[in-house]
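A short worksheet on the structure shown next.
The first residue in the sequence is number 1, and the count goes up from there. Every number for a ligand or one of its atoms is a count from 1 in the order of the listing.
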Amino acid sequence: MTESMSRAAAEIAATKKPDGFCIDRRASDAGRMLEQWPRIAGMWSQLCSKHDTRHAPVKRRRDKPGGFPDRRSHPVPAARRYTAHMNRPSDAEQPADPGLLVVLSGPSGVGKTTIAHEVERRLNAAFSVSATTRAKAPGEVEGQDYYFLSEEDFDRRIDAGEFLEYARVFGRHWYGTPRQPVEERLARGELVLLEIDVQGGEQIRRVMPDAFLLFIEPPSEDELLRRLRHRGRDSEDAIDRRFAQAKAEIARARECGAYDVFVVNRDLDDAIDETCRHIRRRREQVAGRP
Ligand code: 5GP
């Protein structure tokens with residue numbers, strides 16, 4: 001490790017914007033960056049161009065049905081078009097595999113969070129940390145479970161084009177996927193995992209047509225109701241509400257045509273195996289391997 005490498009890594013750590021979304025949760029300390037020198041060169045050029053890659057502010061209405069604006073009515077700003085190539089690694093650093101964006105959705109109580117974390121572990125996927133306006137629950141960690149934002153901050157980031165998708169979930173709080181960390185990881189050839197609702201899935205299908213979307217389903221409505229009760233977290237009223245929302249979400253996922261695969265979670269281990277198998281197969285297809 002040369003002295004100039006160490007200096008560059010220290011400068012990268014110092015350049016991270018204090019109020020920005022963390023570029024790489026698992027490599028956010030300079031020590032780890034030093035171990036990952038080949039990637040640092042790519043990150044360095046991205047950080048240098050960070051100022052240029054921000055969207056020109058476009059007023060977006062988050063209460064518009066479907067949430068995200070139609071790209072055709074909001075052409076990509078010139079500054080973004082110009083810098084798009086700068087976010088890609090140079091030919092010398094081309095990743096061995098192309099990146100793949102994977103979306104996991106499913107109603108609450110179906111086990112999707114457990115499946116998502118197991119996919120992250122087994123396939124070495126990068127889990128995208130969402131932003132939300134809901135309050136932090138006990139035990140949740142800022143930047144690890146979510147970025148907890150005020151309504152004003154969330155609005156400001158919508159206007160600045162910082163979300164890949166965003167939606168008001170269950171008619172209450174706002175949730176959104178920070179764009180920059182996802183685009184950077186995909187450019188480095190990584191597998192990026194989003195755990196988002198169906199509204200978000202539909203938006204991703206529109207803005208990233210090559211993404212792979214999976215929906216986790218319960219074996220039956222009766223079984224879903226049994227699992228929601230079994231969690232022991234909610235009152236009967238809340239269970240009824242969640243059950244109605246779950247049925248609506250399943251119906252929408254089936255109708256919208258955004259999802260590639262439906263995995264039925266009869267048995268958790270089998271559902272994890274099946275989900276991983278689908279993602280591996282898709283990755284190989286994308287990489288051009290039969
Ligand atoms: P919770 O508040 O229970 O953590 O999440 C509630 C719902 O919000 C879940 O269905 C989850 O999938 C969804 N969600 C979490 N993050 C995002 C996001 O970034 N975008 C969208 N559209 N939905 C999200």
Report task. Say whether, by atom type as modelled, one donor and one acceptor occur between the side chain of Asn265 and the main chain of Ala271 under 3.5 angstrom. Result -> no

Requested in this report: Using a strict 4.0 Å threshold on nitrogen-to-oxygen distance, state whether Arg226 and Asp222 make a salt bridge.
Outcome: no

Query raised in the report: With a cut-off of 4.0 Å, which atoms of ligand 1 are near a heavy atom of Gly200?
Result: 22 (N)

**Report entry** Residue, atom name and distance, where the atom is the protein heavy atom closest to atom 13 (C) of ligand 1
**Finding:** Asp197 N, 4.0 Å

Query raised in the report: Below 4.0 Å from any atom of ligand 1, is there a heavy atom belonging to Gln199?
Result: no

Report task. Indicate yes or no: does Arg179 engage Glu183 in a salt bridge with an N to O separation below 4.0 Å. Result -> yes

**Report entry** Ion pair check, Glu274 and Arg266, cut-off under 4.0 Å
**Finding:** no

Requested in this report: Look at the side chain of Glu120 and the backbone N and O of Leu193, then say whether any donor-acceptor pair between them is shorter than 3.5 Å.
Outcome: no

Report summary line: For Val169, the atoms of ligand 1 under 4.0 Å from one of its heavy atoms are 7 (C), 8 (O), 23 (N)

Report task. Report yes or no: does a heavy atom of Gln203 sit under 4.0 Å from some atom of ligand 1? Result -> no

Requested in this report: Check ligand 1 against Lys112 and write out every atom of the ligand that is under 4.0 Å from a heavy-atom position of the residue.
Outcome: 10 (O), 12 (O)

Requested in this report: Before signing off on this row, confirm whether Gly176 and ligand 1 have an N or O atom pair separated by under 3.5 Å.
Outcome: yes

Query - Closest protein heavy atom (residue, atom, distance) for atom 3 (O) of ligand 1 - result: Arg134 NH2, 4.5 Å

Report task. Take atom 10 (O) of ligand 1 and look for protein heavy atoms under 4.0 Å from it; say yes if you find one, no if not. Result -> yes

Query raised in the report: Partners of Arg241 by salt bridge (charged side-chain N to carboxylate O under 4.0 Å, His left out), sequence neighbours excluded?
Result: none

Query raised in the report: Heavy atoms, side chains only, cut-off 4.5 Å: are Val103 and Glu165 in contact?
Result: no

Query - Short N-O contact, Arg156 and Glu152, less than 4.0 angstrom - result: no

Query raised in the report: At what distance is the nearest protein heavy atom to atom 6 (C) of ligand 1, and which residue and atom is it?
Result: Tyr175 OH, 3.6 Å

Query raised in the report: Within less than 4.0 angstrom of ligand 1, does Tyr146 place any heavy atom?
Result: yes

Report summary line: In ligand 1, the atoms that come under 4.0 Å of a heavy atom of Thr177 are 19 (O)

Report task. For the pair Arg168 and Asp197, find out whether any cationic side-chain nitrogen is under 4.0 Å from an anionic carboxylate oxygen. Result -> no

Query raised in the report: To the nearest 0.1 Å, how far is atom 16 (N) of ligand 1 from its closest protein heavy atom, and which atom is that?
Result: Ser130 OG, 3.2 Å

Query - Protein contact to atom 20 (N) of ligand 1 [nearest heavy atom, distance to 0.1 Å] - result: Glu165 OE2, 2.7 Å

